[in-house]
Amino acid sequence: MIFRLDHAIHDNGQYEDFDAEQRPTHHAGGLTYDIPDFPYQDYLPDIMEFDGHLERLSRTDYPRTNPTLPLMSPRMLQVCLSAGAFPYEAHPTVIHGHGSDVIDSFVNVHLTTWTIALDLDRTLVAQRDPAARRMARRYVAIPARQLDEGENLDLEAIEVLRIGVPEADLPGLFRMEQLYGLFCSERTKQACEEAGLRGVTFTPVPVPLGQGARPYLQGFRLVSAEDLPRD
């Protein structure tokens with residue numbers, strides 16, 4: 001099983017309550033560091049600057065930023081590397097608090113290669129049934145390979161996910177071209193939990209019924225188990 005890394009929501013439940021917000025720069029608004037083969041180093045300032053809640057930042061290894069960036073503590077980076085090496089660039093940051101208080105204890109981690117892991121022929125995604133009436137909410141499962149070329153997979157629509165490589169061969173952290181997000185295996189999840197890392201949560205793929213957008217569909221899967229093709 002693989003997991004998407006997500007940020008823990010604060011006790012106040014406000015998703016828009018960020019730990020740090022990036023200071024504007026000429027290119028800052030369009031740089032999200034989620035495309036491994038993009039030359040971000042050509043646009044980076046020497047040090048990425050943020051304004052943030054320093055007390056809150058002292059209690060997390062994976063801060064929520066605006067825009068969403070792969071900031072993490074050096075400890076979290078080392079724990080993930082210990083679960084499986086991966087190529088990356090670590091960009092230094094400075095986060096300003098009130099007055100002259102600053103911290104520089106987080107790095108922006110840019111993974112520099114894609115990981116080819118998905119078995120697109122055996123991974124099944126839900127699509128609206130073209131044969132159903134226009135207002136009918138009926139879905140069918142199709143192999144991910146049949147999606148239009150260049151179309152990313154919807155994490156919420158994956159009914160069955162199949163990995164085409166042994167899980168033991170997956171890097172500690174990885175990105176896949178067809179699926180948006182930062183991912184890890186059970187091995188990395190366990191290493192992070194054993195290390196007591198804070199502020200990071202792990203969402204299984206496929207997304208369980210009680211998470212994500214599916215509860216608005218009364219908690220049912222988009223395609224029933226009976227209608228899924230047999231593996």
Side-chain angles (χ1 to χ4, degrees), residues 1-7 20 22-50 61-74 76-93 106-123 125 143-158 161-189 191-192 200 202-203 205-206:
M1 175 174 284
I2 68 170
F3 300 83
R4 184 185 64 189
L5 275 68
D6 288 314
H7 298 90
Q22 189 174 13
R23 288 187 170 183
T25 66
H26 181 61
H27 295 287
L31 300 181
T32 54
Y33 307 92
D34 54 8
I35 303 175
D37 51 6
F38 186 85
Y40 291 108
Q41 67 276 5
D42 294 346
Y43 305 94
L44 272 171
D46 292 336
I47 297 177
M48 301 172 67
E49 294 192 83
F50 298 80
D61 292 283
Y62 194 48
R64 294 190 64 249
T65 62
N66 183 26
T68 300
L69 299 173
L71 257 66
M72 61 185 71
S73 68
M76 178 173 171
L77 175 58
Q78 290 305 314
V79 169
C80 293
L81 284 167
S82 72
F86 50 87
Y88 70 95
E89 296 171 344
H91 308 136
T93 71
F106 293 94
V107 290
N108 184 66
V109 178
H110 171 220
L111 273 60
T112 56
T113 60
W114 295 107
T115 294
I116 301 174
L118 287 183
D119 183 334
L120 296 177
D121 294 309
R122 297 169 60 226
T123 293
V125 295
R145 179 82 63 188
Q146 295 182 17
L147 294 175
D148 292 339
E149 185 176 355
E151 181 179 354
N152 288 336
L153 302 185
D154 178 357
L155 192 68
E156 301 285 350
I158 295 176
L161 182 125
R162 294 285 184 260
I163 298 296
V165 298
E167 189 169 319
D169 292 343
L170 290 173
L173 294 176
F174 56 94
R175 293 188 185 274
M176 298 174 285
E177 285 191 83
Q178 304 90 347
L179 197 58
Y180 178 79
L182 185 60
F183 295 90
C184 72
S185 67
E186 177 74 42
R187 183 178 66 255
T188 302
K189 174 178 178 291
C192 290
V200 58
F202 301 89
T203 300
V205 184

What's the spacing between [X] [atom1] and [Y] [atom2] if we round to 0.5 Å?
X    : Y    : atom1 : atom2 : value
T93  : M48  : OG1   : CE    : 7.5 Å
D61  : C80  : CG    : SG    : 9.5 Å
Q22  : T68  : CD    : OG1   : 11.0 Å
C184 : F174 : SG    : CZ    : 7.0 Å

Do the rings of H7 and Y62 sit parallel, tilted or perpendicular, given the 30° and 60° boundaries?
parallel
Atom CG of residue position D46 - does it have more than 12 heavy atoms of other residues, nucleotides or ligands inside 6.0 Å?
no
Does any non-hydrogen side-chain atom of [Y] lie less than 4.5 Å from one of [X]?
X    : Y    : result
W114 : I116 : no
F50  : P63  : no
T123 : Q178 : no
Q78  : P74  : no
N108 : P70  : yes
M72  : L5   : no

Which pair of non-hydrogen atoms, one from [X] and one from [Y], has the smallest distance, and what is that distance?
X    : Y    : result
L155 : F183 : CD1-CE2, 4.4 Å
F86  : P171 : CB-CB, 3.9 Å
R175 : L182 : NH1-N, 3.8 Å
H110 : I35  : NE2-O, 3.1 Å
F106 : L71  : CB-CD2, 4.3 Å
R187 : L170 : NH2-O, 2.7 Å

Going by side chain to side chain contact (heavy atoms under 4.5 Å, CB included), I163 matches just one of D119, D169, L118. Which one?
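Of D119, D169, L118, side chain to side chain contact (heavy atoms under 4.5 Å, CB included) with I163 is met by L118 alone.
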Using the rule side chain to side chain contact (heavy atoms under 4.5 Å, CB included), only one of L147, V205, L161 pairs with L153; which is it?
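Checked L147, V205, L161 against L153; only one passes side chain to side chain contact (heavy atoms under 4.5 Å, CB included): L147.
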Is there a side-chain contact (heavy atoms from CB on, under 4.5 Å) between T115 and V165? Walk through the geometry before answering.
CA-CA 10 Å; T115 294; V165 298; over 6 Å; no
Within the distance-only criterion (no hydrogens, no angle test), does the side chain of T188 pair as donor or acceptor with the backbone N or O of G172 below 3.5 angstrom?
yes
For the side chain of E167 and the backbone of E186, is there at least one donor-acceptor N/O pair under 3.5 Å apart?
yes
Go through the steps to decide whether M176 and I2 satisfy the test side-chain contact (heavy atoms from CB on, under 4.5 Å), and finish with yes or no.
CA-CA 12 Å; M176 298 174 285; I2 68 170; 3.7 Å; yes
Could you check, using the six-membered ring where one of them is a Trp, whether Y40 and H91 have ring centers closer than 6.0 angstrom?
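No - the distance between ring centres of Y40 and H91 does not fall below the 6.0 Å cut-off.
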